[in-house]
Amino acid sequence: MPHALHSSAARALCRALMAAGLLLPLGAAASPAGDALRRLLGDDWVTRDTSLADLGIREPVVLSNSDARQEFYLPVPRGVPIADATLDFDARYIKGEPGRASMVLWLDGVPQTAQRIADGEGSAARKLNVEPRIRETGFLRLAVDWQSEIALRQCESNRATANALMISPQTRLSYRYDASAINSLDEAWSTLPGKPVLMVAGAKLDQQAFDSAWRMGVAMERNGKRVTVKAFPAVGDEIDTRGLQAPNGLGQVPAFAALAGGDKHKLASPAEIGALLVMGAPAVSGDVVIADAALRARYNEALDALQAQLAQDADAAEAFKAWRQRRMPLAGQDLPSKEIRLAPLGRQAVIAVAADAGAQGAGAFDAAWRRILVTRQAQVKAAEPPQPLADNGLRLTALGGSSASFDVVARGDWNANFALAAVSSDGNMPDELVMDLAAAPGASATRPVASVFWNGILLAAKQMDANGQPERLTARVPGYALGLNNAVRVTFQRQPVSVDCNEIPQGYPVNVLPTSYVKPGRAEPDGTFVGLLPLLAGKPQLLVPDTYLADAPANLQRVIGIAAASGLSATRATLSLTPAGQAAKPGSPFVAMEVALDGAKPMVKVTDRKQLTVDGKSAPWLDISGLDRLSTAEVVRAGGQDGLLWHTLGQQPVIPETPFVLNRGNIAIIGAAGPLAWIDSANPAAGQ
C-alpha cells in the first residue's frame, strides 16, 4: 500500500509538471526551441534603473558649506528584495581653500566609503554595491556628507567655502527584482519606474479606453511620474530593436530571426509581434495597460500567429502553450467591469485596468487608499479622494507633518507636504494657516524667530517669546501661493552663543504643535488659473475633438499634461467629444482642448495652428506667425461656466519635458521647458 500511495503521488506530480510545461510527455523529444521557452517560463527577473534626473533633479546639487549633508531617496520596490543592485555615484569636486576636506557616502544610514579630498579639482565618482534586502519604506536612502575643516575655532560659523562638491543628476541606481515576488496592487504601484509606460491597444481608441487612459496617466503624474503613452505595435510599424537578441534555441524560428540584428525593424507579420512578447521587448511592454477587448484581440492575433510557426515542433508548441497560459493571462479573458488587476505580461508584472475602470483606478491609487490594495485584483465601484476639510480646518499632522520636537542651534526647518486635493473640497480652498509653535529659552538674550512659508512664499514671521509655552502665528494663504502639490515650511532661527568663543554652541528644542491647522475659505472664480483650481477639482468637463481618438497616444500625452497642470479631477471629470466643425456648450467648469466654445470670447486666437493673436482692449498685443512647438492656455467663460481653453501652435505639438502648474495670471504660452510667458490681462505689466 505505501508503494501504491507513493506511485499515485508521483503520477500527480508528473501531471502537474506536464501541465506547467516543465516536463515532457512520455516519448516526446526535447527541442532547442522548447528548452528555450521553458527557460523563459522560469525567468521572472526585471531590470530597472533610476537616476536623480528621473526624480526631477535637473541640475547638479552643490554642497559648498564647511559642513554640509544632502540626502536622496531613490525608489525601489517596497516589500520585494532587490538583487545585483549598484549605485553609480557621479560627482566632481573643487578644492580651492586650505585645510582638510572629506566626503562620506552613506546607504540606509550605514557609511559605505570615505574619501580625503586633495587640492585642485577632480572626480569623486564611486560605484557602491547595495545590500540585497527588502526595504519596506520603498526607498534606498543615499546620504552625502561633505566636510571642509576651515574653522580656526570651534564656535566659528558653518559658511560657504571655495571647496565644493557637485553631485550630478546622472547619479544612478541599477537593480533587478523578481516580478513574481510582487503580490499586490500596492506593491506593483510602488515598483513603477520614474518614467512609466501607459500601454493602449493601438493608435485608434474608442471613447471608453481613451477616457480610462488619460485618468490613469494623471494619477501617475500626480504621483511624481513622467508618463509615456504607447500604442501596442501593429504590422507595418517601425520599432527600435537595439539590444534585442533572440533567446538561444529560438533563433531558427522565422519570427525571431527577422528581429535579429539592426537598430530598426519594420514589423512584417503578427508572429513577429508575438516574438516581441516572448522576449519582453520594450516595444510591447507597459507598466500600466488599459486592458480593453481591442488589446486582448491584438494579443491573441500575435500569439496565434507565433503558435502557427511553432506547430511543426511538437515540443516547442507544447512549451509555448504553457508559456502563453502562465505569462499572458490578459489574452485569455476580458477583465470584468470596473476591475484593476496585477497580471503577468511576459516576464513583467503589470497593472491592468478594465476599459471602464479609469476613474475608479485613479481614485483607488490615490495616496489615501493605495495602501489597502493588498490583493492582486479588486473591483472598484467607487473611489473618491476623501474630503476631510471641515469648517474648523484640517490639522497639519493629518497631512504628514510631524509633531515631534527637534533641537536648533542656528537654524532648523519643519516641513509638511500634501496635495491640494487633500485640503480642498466643495469649492473651498485653503484660506488661513494657523501655526501653534513652542520654543525653549536659550543662552542668548536674542529671541528666536519663526518664519512660515507656503511653497517657498513667506506668509508670516514673528520673534518668539521662547518660554516653552504655545505661541500662535496666523497667516492668510493667498491664491498665488497654491499649487497642485504644496509644501509648508516653518524655519526657526536662533542666535548661537559661545562665551568668549571657547564653547561649542548648543541646540535648544522647538516644536510645531499638533494643534496647527489649515482653515478653509470659499474660493470665488476671479478669471485666473488659480481661481479655476477649486472648480476643476469639483465635477468638471474635459472637452476634446472627436478626432483625438484617431491619434490617441500623442493626444493622450497632451491631455494628461494639461489635466495635471490645471488641477482637473481624474475621478470626477466627465469626457465629452466634440464633432468636427461644431462648437461645444459646457455644462460645468471645463478644460477645452482645441475646440470652439459657444459664447466664448477668448483673447488668444490660434488660426490653423500657424498664427497666434493676443487681443488687447483696443488693439492686438501680439500678432505673429512662424512659431512652432508651442501651445497656449487661457481662462475663458462660456455658457455661464468658467474654464480653460488650450490650443496648439505648430504642426509638431510640444510635450513639456518637466511637469508644471498653471498658477499665474490667466494666459500662458507653453513650450518644451514649460510656460515661457505668463500674462495677467488685468495687469499686463505683470507678464514676464
Side-chain angles (χ1 to χ4, degrees), residues 38-55 72-89 107-110 112 127-142 170-199 220 223-228 230 243-245 247 276-289 323 326-330 340-352 365 370-371 373-377:
R38 280 185 285 274
R39 285 194 300 271
L40 290 172
L41 187 59
D43 184 4
D44 291 290
W45 288 92
V46 176
T47 301
R48 284 273 167 82
D49 65 80
T50 302
S51 68
L52 296 183
D54 294 334
L55 303 179
F72 304 95
Y73 291 82
L74 297 158
V76 296
R78 186 175 64 245
V80 178
I82 60 175
D84 303 328
T86 58
L87 179 81
D88 291 301
F89 180 75
L107 293 180
D108 292 330
V110 179
Q112 302 293 316
K127 191 180 189 72
L128 305 178
N129 293 321
V130 180
E131 183 183 359
R133 62 178 178 84
I134 294 175
R135 290 169 172 80
E136 293 294 345
T137 61
F139 293 98
L140 172 73
R141 182 159 52 97
L142 165 66
Q170 297 309 310
T171 294
R172 184 176 301 274
L173 171 67
S174 303
Y175 60 91
R176 297 196 309 145
Y177 68 92
D178 186 353
S180 66
I182 299 174
N183 293 311
S184 72
L185 288 162
D186 174 43
E187 290 178 357
W189 189 265
S190 76
T191 67
L192 291 177
K195 296 179 179 179
V197 171
L198 175 62
M199 181 68 72
M220 286 187 280
N223 194 48
K225 310 298 183 182
R226 293 297 292 153
V227 180
T228 299
K230 280 188 180 180
L244 205 59
Q245 292 183 344
L276 292 172
L277 286 168
V278 171
M279 290 189 288
V284 294
S285 300
D287 299 291
V288 176
V289 299
W323 181 92
R326 180 175 167 186
R327 297 295 189 180
M328 291 295 301
L330 293 178
I340 52 177
R341 179 186 297 181
L342 173 62
L345 180 64
R347 69 176 60 176
Q348 274 189 287
V350 302
I351 297 172
F365 285 113
R370 184 168 65 243
R371 294 304 298 272
L373 297 176
V374 294
T375 58
R376 296 183 66 88
Q377 61 189 65

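Here the structure is a predicted model, which means the values were calculated and not measured. What's counted below: heavy atoms across the whole structure, side chains too, no hydrogens, waters or symmetry copies.
Within the model, atoms CG of D49 and CG of L87 stand 11.5 Å from one another, a figure rounded to the nearest 0.5 Å. L277 contributes atom CG, which lies 8.0 Å from atom OG of S285 (distance to the nearest 0.5 angstrom). The line from CG of L173 to CZ of F89 is 13.5 Å long, rounded to the nearest 0.5 Å. Taking OG1 of T171 as the reference point, atom CG of L52 lies at 5.0 Å (rounded to 0.5 Å). In this structure, the separation between OH on Y73 and CG on L55 is 13.0 Å, given to the nearest 0.5 Å. Note that the OG1 atom of T228 and the NZ atom of K195 stand 7.5 Å from one another [nearest 0.5 Å].
P77 is listed as a side-chain neighbour of Y175, based on a closest heavy-atom distance under 4.5 Å. Considering only heavy atoms from C-beta on, Q112 comes within 4.5 Å of V110 through its side chain. At least one side-chain heavy atom of R78 sits less than 4.5 Å from a side-chain heavy atom of D186. Residues L345 and M328 have side chains in contact (heavy-atom distance under 4.5 Å, counting atoms from C-beta outward). Looking at L244 and L276, their side chains come closer than 4.5 Å, going by heavy atoms from C-beta outward. Using a 4.5 Å heavy-atom cutoff, the side chains of V288 and M220 are in contact. Contact annotation: the side chain of V350 approaches that of L330 to within less than 4.5 Å [non-hydrogen atoms, C-beta and beyond].
Not a single donor-acceptor pair under 3.5 Å links the side chain of Q245 to the backbone N or O of G243. For K230 (side chain) and L198 (main-chain N/O), no donor-acceptor pair under 3.5 Å exists by modelled atom type.
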*Just do the side chain to side chain contact (heavy atoms under 4.5 Å, CB included) check on L41 and R327 with the steps written out, would you?*
CA-CA 7 Å; L41 187 59; R327 297 295 189 180; 4.2 Å; yes
*What do the steps show when you test K225 against D287 for side chain to side chain contact (heavy atoms under 4.5 Å, CB included), and what is the final call?*
CA-CA 12 Å; K225 310 298 183 182; D287 299 291; over 6 Å; no
_Chi angles and distances behind the side chain to side chain contact (heavy atoms under 4.5 Å, CB included) call for I82, R176_ = CA-CA 6 Å; I82 60 175; R176 297 196 309 145; over 6 Å; no
*Please test R347 against D44 for salt bridge (charged side-chain N to carboxylate O under 4.0 Å, His left out), starting from the C-alpha separation and ending with a verdict.*
CA-CA 5 Å; R347 69 176 60 176; D44 291 290; over 6 Å; no
*Please test R135 against D108 for salt bridge (charged side-chain N to carboxylate O under 4.0 Å, His left out), starting from the C-alpha separation and ending with a verdict.*
CA-CA 10 Å; R135 290 169 172 80; D108 292 330; 2.7 Å; yes
_Does L185 form a side chain to side chain contact (heavy atoms under 4.5 Å, CB included) with R376? I'd like the steps, not just the answer._
CA-CA 6 Å; L185 288 162; R376 296 183 66 88; 6.0 Å; no
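Under 4.0 Å is where a charged nitrogen must lie from a carboxylate oxygen, and between R48 and D54 no such pair does. No salt bridge links R172 with D88; every basic N to acidic carboxylate O contact stays at or beyond 4.0 Å.
In plain terms, the two heavy atoms of P247 and L40 that are nearest each other are CG-CD1, 4.0 Å. The heavy-atom pair separating W323 from G346 by the smallest distance is CZ2-CA, 4.0 Å. Nearest heavy atoms, I182 versus A188: CG2-N, 3.7 Å. A pairwise comparison of heavy atoms in A343 and P329 identifies CB-CG, 4.5 Å as the closest pair. Closest approach of K127 to T86, counting heavy atoms only: NZ-OG1, 4.1 Å. The shortest heavy-atom contact between P81 and Y177 is O-CB, 3.9 Å.
Looking at D178 and S180, their side chains do bring a donor and an acceptor atom within 3.5 Å of each other.
Between F365 and W189, the ring-plane angle classifies as parallel under the 30° and 60° cut-offs.
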